[in-house]
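Here the structure comes first, spelled out in structure tokens, and everything after it is commentary.
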Amino acid sequence: MSIQMHRRRNVGGTTLVIFGASGDLTSRKILPAIASLWDQEQLPEEFSVVGVARSPLGTEGFRNLVMRSASDWESIGSHIENFHYLQGDYKSISTYQSLTKLLDSVEQSRKTGKSRLFYLATIPDLFGPISMLLGESGLAQSGPSGVARIIIEKPFGNDTLSAQMLNSDMHRSFSEEQIFRIDHYLGKETVQNLLALRFSNAVFEPIWNRNFVNNVQITVAEQIGVGHRGNFYEHAGALKDIIQNHMLQLLSLVLMEAPATMTPDSIQNEKVKVLSSVEIPAKSDIATRAVRGQYHSGVINSDEVRGYNEERDVSPTSRTETFVAMRLAVDNWRWAGVPIFIRTGKRMSRRETKVVMEFNRAPHLPFTGSSARQLGPNRLILRIQPEEEIKLVFGAKVPGQDYNIRSVAMDFSYANTFRELSWDAYERLILDALLGDRTLFLRADEVIKAWEIVEPVQQAFADPDFPLYPYSAGTYGPKESNKLLQASGYGWHNS
Ligand code: BG6
């Protein structure tokens, strides 16, 4: 099957300014995405990149880094002259004065306009200071000769208050329309497909509600541990790292009402509405609604792996959670009374992100066989990664004289169906930001709503007496996570 390229979209001459140019995000994600977009002819010749960082790399050093990070893409060598570097302190106004001069000279030599996209690939503590200094030095202003836009990536604050402060710091220099907040899950094709599945098919809508759906389960399971990010993870934990952002995004796309149009505000309004309907549990109820765990050593794919407490940069007595399961409720007309179970963990038995809609059982089974009595409910499984598929599970008659009914599955696989090249999330999101399309980015109020949901949980977890259950690496989390569902007659869908 030959792969089809995407049609070219109209990015005008722009300079991408990467703060944190010598860091991990730049070399792992941003530079490969740029190189791939060039390979696919999605970027014009007049596209330049200016890397800014504290390291004394120099332009040569930065170009070497670009060549190493993007060595898998053919055309990077022929564009290497488009990369420039500025060494500077992020908190000093003189860096921004030098940046203004460098941008003027790059734009003049390449005869581009003055469109600039600032990508803050730095630690989050610098988002506020950098954006304010960009504002002070006049770089945040859009004008007739070009637009200024800024990309930041989660985490957006540590709690509701710090997220509000970050929003207001950013808004001092940039309007909301200029800000592109990345949650890379929204850049995944299969996450976008949640909207296509729900809002381009008449068949699902009538059953997508409390009258037919018995419960919803969302899983983000990872096999990897914390790797070299121990330092970061000690302050984050699964709740802030995955639930506050990726999981609540998945939840809102699965449960929101249909947007009037596919414009950013239409979609974001619906996401905010559903997030506003998520019941915010009282701190005293968290113990019966949430389970947290931490992985111990275990075996994954026949390899022995160490426990979280033995990871690099992690305290041996750390009580940071690497697993969280929660029961949520969405108090609106569509979902009242339907439990929404979510869970995420590191070092789980396999990597999988999926949404399972479990439907009510048939009201009456006229069949006598025992297999019919054991028949599971209908399920719609939306698997987001690693295999991208949609599966409908239903009962079918096993061939033979008796009415033996067994659960079978109807499968749709992305890879087997489409020939189009699937874009990496960063390619898609960077291109959208260059085009000024905010559909797949988070709006300021969405971020705040998501923090309001997790904040009481965060406070409960801060109590040293809140249980932290161990689980072996290579399993599906602590058994208490099963009890959370079993207590009300439900069970995780694990296959
Ligand atoms: C990041 C988290 O946002 O998402 C990581 O900080 C996590 O801890 C990663 O591993 C998961 O992303 P993906 O695309 O591999 O599911």
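Note that the coordinates shown come from a computational prediction; the quantities given were computed from them, not determined experimentally. Count residues from 1 along the sequence. Counting starts at 1 for both ligands and their atoms, following the listed order.
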Decide whether [X] and [Y] meet the rule of one side-chain donor and one side-chain acceptor closer than 3.5 Å.
X: W423; Y: Q40; result: yes
X: T263; Y: D265; result: no
X: Q385; Y: R351; result: yes
X: S481; Y: W492; result: yes

Show me the donor-acceptor pairs within less than 3.5 Å that the side chains of residues 465-473 make with the rest of the protein, sequence neighbours left out.
from	atom 1	to	atom 2	distance (Å)
Y471	OH	T322	O	3.3
Y471	OH	T322	OG1	2.8
Y471	OH	K346	O	2.7

Do any nitrogen or oxygen atoms of ligand 1 lie under 3.5 Å from a protein nitrogen or oxygen, and which ones?
from	atom 1	to	atom 2	distance (Å)
ligand 1	3 (O)	K154	NZ	2.9
ligand 1	3 (O)	H246	NE2	2.7
ligand 1	4 (O)	H246	NE2	3.4
ligand 1	6 (O)	K154	NZ	3.2
ligand 1	6 (O)	R229	NH2	2.9
ligand 1	6 (O)	D241	OD1	2.6
ligand 1	6 (O)	D241	OD2	3.4
ligand 1	8 (O)	R229	NH1	3.0
ligand 1	8 (O)	D241	OD2	2.6
ligand 1	8 (O)	K346	NZ	2.8
ligand 1	10 (O)	E222	OE1	3.4
ligand 1	10 (O)	E222	OE2	2.5
ligand 1	10 (O)	K346	NZ	3.2
ligand 1	12 (O)	H184	NE2	3.1
ligand 1	14 (O)	H184	NE2	2.8
ligand 1	14 (O)	K188	NZ	2.6
ligand 1	15 (O)	R351	NH2	3.4
ligand 1	16 (O)	Y185	OH	2.5
ligand 1	16 (O)	Q385	NE2	2.7

For this session: Using a strict 4.0 Å threshold on nitrogen-to-oxygen distance, state whether E257 and K273 make a salt bridge.
Result: no
